[in-house]
2 protein chains.
Amino acid sequence: MKQVTIYDIAKEAKVSVATVSRVLNDTAPVKGSTRAKIEELIQKYNFQPNAMARSLLKKETGIIGVIVPDLTNPFFPEVFAGAEEEAQQSGHTFLLSNSIGDYAKESEYLSIMREKRVDGVIFLGGRINLKNCDEHLVQELVQHASVIPTVLVNGGLRNTNLIRVATDESVGTALAVRHLIELGHTEIGFIGGESHMTTTSIKLRAFRKTMKDEGLEIRDNWLLPDSFSIDSGKRQMLKLLEMEERPTAVFCVNDYTAIGAIKAATEAGLTIPTDMSIVGFDDIPLAHHFIPELTTVSQQAHELGRMAVQVLKAIMKKEKVKQLTSLAPQLIVRQSTGARSGQKKVSSN
Amino acid sequence: MKQVTIYDIAKEAKVSVATVSRVLNDTAPVKGSTRAKIEELIQKYNFQPNAMARSLLKKETGIIGVIVPDLTNPFFPEVFAGAEEEAQQSGHTFLLSNSIGDYAKESEYLSIMREKRVDGVIFLGGRINLKNCDEHLVQELVQHASVIPTVLVNGGLRNTNLIRVATDESVGTALAVRHLIELGHTEIGFIGGESHMTTTSIKLRAFRKTMKDEGLEIRDNWLLPDSFSIDSGKRQMLKLLEMEERPTAVFCVNDYTAIGAIKAATEAGLTIPTDMSIVGFDDIPLAHHFIPELTTVSQQAHELGRMAVQVLKAIMKKEKVKQLTSLAPQLIVRQSTGARSGQKKVSSN
DNA sequence: GGGTTTCATGAAAGCCTTTACATTCAATGA
DNA sequence: TCATTGAATGTAAAGGCTTTCATGAAACCC
């Protein structure tokens with residue numbers, strides 16, 4: 001069934017396409033009777049102007065491209081929801097791609113998005129390496145950003161000045177580690193995160209710094225990066241449990257690994273937090289419902305998404321934007337952390 | 001910075017745009033030296049042909065529109081991932097929208113997708129009512145489907161013959177309920193699901209039928225639809241716990257409500273499954289990691305997504321497709337269900 | 001009542017590709 | 001040697017819209 005065009009409408013209404021366009025966009029006065037006639041026909045044929053043709057002319061598509069590492073991790077849908085909320089007001093829609101941390105795919109998607117002339121791109125999730133980074137992708141991204149407004153969310157790139165919106169993960173990590181220390185823990189481990197990812201290296205660095213600042217020893221064999229999945233949390237906790245000496249508390253790079261760690265520890269017969277304290281990061285919706293409820297660092301995922309779109313829109317309007325918009329994380333104390341056993345809880349006031 | 005066009009390339013290479021187009025699409029032989037020259041220029045300017053212009057001509061965009069009720073429920077990202085996998089092969093990308101079960105939004109998104117001339121639409125998640133349905137949306141959807149290839153995933157619509165891909169939720173529900181019965185339970189409740197949604201009504205009907213077939217009594221005040229969130233599971237479990245008589249087992253419409261139910265029961269001092277058995281639906285990744293691990297019905301979310309795209313592609317190619325592609329669900333027995341207390345477990349062989 | 005606005009509309013160019021058709025030129029075959 | 005073929009390339013239309021410019025008609029002012 002052939003799509004009806006503005007010409008068909010114009011013809012049947014015995015007016016020119018210009019007039020139809022005018023009622024469509026309400027861009028100039030049209031006589032009441034003419035307008036009525038045209039509107040009736042639009043209704044009749046259920047006519048929808050071809051966005052392709054319009055975009056071709058206006059050089060804007062109303063589409064924002066989003067590249068996400070793993071939609072399966074609840075943190076990202078949350079960010080996406082925030083982004084969507086903000087985008088709605090301006091009528092933007094999202095072209096979404098899951099890169100699963102695969103550089104080739106990220107590259108490919110970036111390319112598709114340029115072809116499709118999206119109005120802007122949001123690159124989510126710290127999948128951009130700080131070091132060891134794939135030079136090719138980086139260059140591509142930088143070059144790309146010079147053509148299409150781009151914002152990085154929770155990802156950074158040394159030596160580039162790409163616009164970013166990010167949680168201050170350093171502060172968040174410090175918050176979590178200090179919380180453990182205040183509970184009396186001195187032997188603390190670190191679990192999860194691919195070590196060449198921005199987010200991991202930021203957290204690891206902050207972890208080290210906080211420990212050092214507090215005068216605590218860092219045991220290298222308790223530093224166990226892996227990936228961001230639940231299973232990786234399990235895996236590394238298992239490793240920890242096999243050691244002769246093990247920490248009394250663990251910082252996990254995200255809630256998924258924290259859940260995995262708790263699961264493994266529980267299965268091994270430990271009670272959380274009595275036998276071991278575990279803190280996560282992100283505050284995914286489930287953190288609050290897991291048993292035990294997760295102590296974690298909230299990233300305000302929703303807000304992060306909103307901000308990303310807000311900043312992106314600003315760039316599109318050629319407004320001046322800060323290179324980095326930083327969101328403050330917040331420690332959420334729940335049930336998975338407790339005083340170091342054999343030691344009474346340090347009061348916090 | 002003005003985007004470079006095929007004209008710019010042609011001009012600098014001293015050939016016509018047709019020739020450039022030919023090397024771009026490899027659609028006709030081009031002399032080696034000419035090709036080299038053109039390719040060099042494409043490289044130099046990092047030229048990407050404008051997909052908009054191409055689509056306008058070819059009448060296909062390579063975009064599939066996806067409408068999801070709630071991306072925040074882990075089931076949907078899983079489906080999406082499957083869809084993406086299948087779409088990748090044919091180079092399709094996704095325009096994703098979260099409707100949050102809001103009819104106005106669904107309608108709006110549908111409209112946007114038509115404007116954007118997506119090649120097809122996947123409508124996810126049983127948000128289409130069987131009864132009490134918003135006539136307007138239904139008509140719109142049906143009409144829409146006559147213009148753009150459309151597939152409904154886990155949603156049905158009485159009196160329409162829209163193409164569907166769905167888990168057999170009736171069978172799944174029966175599987176779960178029979179499992180409870182085999183464990184010795186005779187007093188079984190039903191929690192969650194908005195009652196005007198397809199998925200809820202299918203499950204509720206199957207629940208009733210199975211109970212009846214097995215000669216068990218259905219207590220209306222143990223039938224507690226609500227929504228699909230964790231909180232709704234909590235809420236309804238709380239209600240159940242306040243009753244004088246309460247069931248010994250509960251079927252939940254999805255894993256999220258099951259998790260909520262378990263949480264509430266646990267907080268109230270019950271032990272799952274000793275004091276109460278709870279079964280979910282979906283088998284989200286977390287089901288396997290929750291404590292206790294969730295007994296649930298697997299929907300093969302990933303496969304569902306793949307199938308949806310497969311069927312959609314078939315429709316696009318004008319191939320004949322079945323009106324309903326049904327996927328078999330599978331009962332996954334884990335830790336949240338057990339023999340009715342005070343009664344020994346019924347052996348299953 | 002003639003000049004100036006304002007309103008309502010039309011004609012046509014332009015956005016960037018692809019592609020059907022036309023053209024040129026060299027090689028092939030009888 | 002001349003017609004035929006095939007390769008390499010060019011020309012121009014089409015795809016569906018927006019928008020500038022132009023025009024005619026009606027309304028306004030003094």
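So that the names make sense, note that chain A is the first sequence line, chain B the second, and so on, each numbered from 1. Note that the coordinates shown come from a computational prediction; the quantities given were computed from them, not determined experimentally.
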Would you indicate what B:Thr19 reaches in the nucleic acid, counting non-hydrogen atoms under 4.0 angstrom: base, sugar-phosphate, or nothing? sugar-phosphate

Specify the separation, in whole Å, of atom CD1 of B:Ile42 and atom P of C:dT17. 10 Å

Is it true that B:Thr61 and B:Lys116 share a donor-acceptor pair across their side chains at a distance under 3.5 Å? no

Heavy atoms under 4.0 Å, any strand shown: does B:Thr5 hit a base, just sugar-phosphate, or nothing? sugar-phosphate

In whole Å, I'd like the distance from the CG atom of A:Asn50 to the P atom of C:dT17. 17 Å

Heavy-atom closest contact (A:Ile38 atom, A:Ala13 atom, distance): CG1-CB, 4.1 Å

Chain B contact limits on DNA chain D, taken 5' to 3' with a cut-off of 4.0 angstrom to heavy atoms: D:dA8 to D:dG16

Interatomic distance, A:Lys58 NZ vs C:dC16 P [rounded to whole Å]: 15 Å

Chi angles and distances behind the ring-ring contact (aromatic ring centres under 6.0 Å, His included) call for A:Phe94, B:Phe94: CA-CA 8 Å; A:Phe94 293 99; B:Phe94 293 100; over 10 Å; no

Rounded off to whole Å, could you give me the CZ-to-P distance for the A:Arg22 and C:dA12 pair? 15 Å

B:Ser97-B:Lys105 side chain donor-acceptor pair, cut-off 3.5 Å: no

Looking only at non-hydrogen atoms, find the nearest pair between A:Ile64 and A:Val309 and report the distance. CD1-CG1, 4.4 Å

Which part of the nucleic acid, if any, lies within contact of A:Ser55, taking any heavy atom under 4.0 Å across all strands shown: a base, the sugar-phosphate backbone alone, or nothing? nothing

For the pair made of CG in A:Leu57 and P in C:dG14, what is the distance, rounded to whole Å? 12 Å

Measure CD/B:Gln48 against C1'/C:dT17 and give the value in whole Å, please. 14 Å

Distance in angstrom units between A:Leu56 CG and C:dA13 C1', rounded: 13 Å

Give B:Thr34 one of three labels, base, sugar-phosphate or nothing, depending on what nucleic acid heavy atoms sit under 4.0 Å from its own. sugar-phosphate

For A:Arg114 and B:Asn46, does a side-chain donor sit closer than 3.5 Å to a side-chain acceptor? yes

A:Lys44 bridged to A:Glu12 by N-O distance under 4.0 Å: yes

Check the distance between C:dT19's P and B:Asn25's CG and give it to me in whole angstrom. 7 Å

Select from A:Pro29 and A:Tyr7 the residue whose nearest nucleotide in DNA chain C is closer to the 5' end of that strand. A:Pro29

Report yes if a side-chain nitrogen or oxygen of B:Lys59 is closer than 4.0 Å to either non-bridging phosphate oxygen (OP1 or OP2) of C:dT18; otherwise report no. no

